[in-house]
Amino acid sequence: MIIILKPAATEEQRQHIIERIESLGLRPNVSVGVKRTVIGVIGPEDVVRTVPLEAFPGVESVVPILQPFKLVSREFKGEDTVVQVGNVRIGGQKVVVGAGPCAVENREMLLETASFVSKCGASLLRGGGFKPRTSPYSFQGLGEEALKYLAEAREKTGIPVVTELMDPRDISIVLKYADIVQIGMRNMSNFALLKEVGGIDKPVLLKRGNMSTIKEFLMSAEYIVSGGNFNVILCERGIRTFETATRNTQDLSAVPVIKQLSHLPIIVDPSHATGRRNLIEPISKAAIAVGADGLLLEVHPNPETAMSDGPQSLAPPQFAQLMKNLAPVARAVGREL
Ligand code: PEP
Ligand code: MN
């Protein structure tokens, strides 16, 4: 059971509710968010129900939830969540495209890519400054310098930027520049990091771990939301299977499954899922057809020279053509691009 407090609930009212829950022998889990406080009460429903918690001052609503993930579940909220960043709405009628390089390599390449993708209709600019690389000897990203270029690109194009946070120690730097904070697949189960971003006032793009089930994915989202940050965007980016033809296997059925289980928006990243440029278009079309709220795509001015993920990055003309080819698919399923 989840108790949502009114934004104006006082400390006294909160304490009163907590004491009452504890008097029943139950343990309340209090999450103080930027906008509101949520109290989770895990325990036998009949015990919790002995107290009419709805009647307590400061309580907005009380919701019984059967799923292990509570706040992110459809049971908790029937209508779709729309995450708003500036003028961009993720989870609404429009299929939102986030595009940009895997890593921000230098100022020129970023500004050039940002200008191009925004002219083609991308709504978000992606680009990593802190890169999670399999090898410690590979390019690790430009760090804060990259984030400054992202901020400059935002000024020039007007589109919000999404970039990855890998280490809680970098949170203030990332928050200074990012509009959306990305948690990469390697950190999907880094619960300390998830708790950190549960307490921030910016949307979080949570990528699915490549060895994670849908339930585990939603439990990770629950960590963020239970911290008080309801602005979570899920991203299916491929999982590891026995198949080796693609870098990962894009689990497209996860999209409608998650739509049934959760109210959160979900986007698809065919770049990291397939690892192959020539698969981006068919998988993007399929993703839109199964109900994805957006796409995350890697675009590089010259993929041959990319410092990371060149084989899966689209060259600018390929991206332009892709955007044209996706529009009719979006229209066919009642969306727009
Ligand atoms: C990325 O999007 O930059 C990235 C590293 O993706 P993932 O975490 O899905 O591997
Ligand atoms: Mn990449």
Side-chain angles (χ1 to χ4, degrees), residues 96-105 109-110 113-114 117 122 124-136 138-143 146-147 149-150 161-167 170 174 177-190 193-194 197 203-212 216-217 220-221 224 232-241 246-252 254-255 266-277 279-280 283-284 287 292 294-315 319:
V96 170
V97 174
C102 178
V104 177
E105 296 172 6
M109 69 83 75
L110 183 73
T113 313
V117 297
L124 299 170
L125 174 66
R126 62 143 293 144
F130 297 97
K131 292 305 301 176
R133 304 306 303 279
T134 306
S135 165
S138 300
F139 175 57
Q140 304 284 310
L142 297 179
L147 307 191
Y149 301 148
L150 284 168
V161 301
V162 51
T163 197
E164 179 164 351
L165 169 71
M166 291 211 304
D167 186 327
D170 296 324
V174 172
Y177 304 99
D179 298 297
I180 301 176
V181 176
Q182 177 170 320
I183 299 296
M185 77 90 176
R186 293 160 188 82
N187 273 315
M188 189 209 84
S189 303
N190 181 342
L193 190 62
L194 298 179
V197 294
V204 175
L205 174 67
L206 176 67
K207 300 191 85 173
R208 179 182 182 182
N210 68 345
M211 307 284 273
S212 303
E216 288 161 346
F217 189 22
S220 289
I224 302 171
V232 176
I233 306 150
L234 303 169
C235 179
E236 192 337 278
R237 50 78 68 211
I239 51 173
R240 186 168 285 187
T241 67
T246 47
R247 184 176 173 181
N248 291 280
T249 297
Q250 185 97 68
D251 180 11
L252 281 179
V255 175
I266 173 155
I267 69 169
V268 166
D269 172 353
S271 304
H272 291 92
T274 66
R276 287 172 47 188
R277 177 178 312 124
L279 293 175
I280 304 300
I283 301 301
S284 297
L295 297 166
L296 196 63
L297 302 169
E298 288 188 335
V299 180
H300 192 285
N302 182 5
E304 279 179 25
T305 65
M307 295 171 86
S308 58
D309 289 349
Q312 68 199 33
S313 298
L314 296 170
F319 179 70

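Throughout, residue positions are numbered sequentially from 1 according to the sequence presented. All values derive from a computational prediction rather than experimental measurement. Counting starts at 1 for both ligands and their atoms, following the listed order.
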(message) Gln182 versus ligand 1: do any nitrogen or oxygen atoms come within less than 3.5 Å of each other?
(response) yes

(message) With the threshold set at under 4.0 angstrom, would you say Arg208 reaches ligand 1 through any of its heavy atoms?
(response) no

(request) Please check if the side chain of Ser220 supplies one atom and the backbone of Met188 the other of a donor-acceptor pair under 3.5 Å. (result) yes

(request) Could you find the nearest protein heavy atom to atom 6 (O) of ligand 1 and give me its residue, atom name and distance? (result) Lys207 NZ, 2.9 Å

(request) Taking atom types as modelled, find out whether Asp309 and His272 have a side-chain donor-acceptor pair closer than 3.5 angstrom. (result) yes

(message) Polar contacts were defined as any N/O atom of the residue lying under 3.5 Å from an N/O atom of the ligand; does this apply to Glu298 and ligand 1?
(response) no

(request) Starting from atom 4 (C) of ligand 1, find the nearest protein heavy-atom neighbour and note its residue, name and distance. (result) His272 NE2, 3.6 Å

(message) Between Tyr177 and Leu150, is there a side-chain heavy-atom distance shorter than 4.5 Å?
(response) no

(request) Considering the heavy atoms of Gly184, write down every atom of ligand 1 situated less than 4.0 Å from one of them. (result) 8 (O)

(message) For atom 8 (O) of ligand 1, what's the nearest protein heavy-atom neighbour? Residue, atom name and distance, please.
(response) Met185 N, 2.8 Å

(request) Taking the Mn ion (ligand 2) as the centre, count the protein N/O/S atoms lying under 2.8 Å from it. (result) 4

(request) Would you give the length of the straight line joining atom OG1 of Thr246 to atom CG of Leu279, rounded to the nearest 0.5 angstrom? (result) 7.5 Å

(request) Could I get the full list of side chain to side chain contact (heavy atoms under 4.5 Å, CB included) partners for Pro132, not counting sequence neighbours? (result) Glu164, Met166, Arg186

(request) Locate the shortest heavy-atom distance separating Ile239 from Ser212; write the atom from each residue and the value. (result) CG2-O, 4.2 Å

(request) Using a strict cut-off of less than 4.0 Å between a Lys/Arg side-chain nitrogen and an Asp/Glu carboxylate oxygen, indicate whether Arg208 and Glu216 qualify as a salt bridge. (result) no

(request) With rounding to the nearest 0.5 Å, note down the distance linking CD1 in Ile280 to OG1 in Thr274. (result) 4.0 Å

(request) Test Val268 against every option in Leu252, Leu234, Asp251 by the side chain to side chain contact (heavy atoms under 4.5 Å, CB included) rule and name the one that passes. (result) Leu252

(message) Under 4.0 Å from a heavy atom of Arg186: which atoms of ligand 1 are those, numbered in the order shown and with their elements?
(response) 8 (O), 10 (O)

(request) Could you check atom 10 (O) of ligand 1 against the protein and tell me its nearest heavy-atom contact, residue, atom and distance included? (result) Arg237 NH2, 2.9 Å

(message) With heavy-atom distances below 4.5 Å as the criterion, would you say the side chains of Val204 and Leu165 are in contact?
(response) no

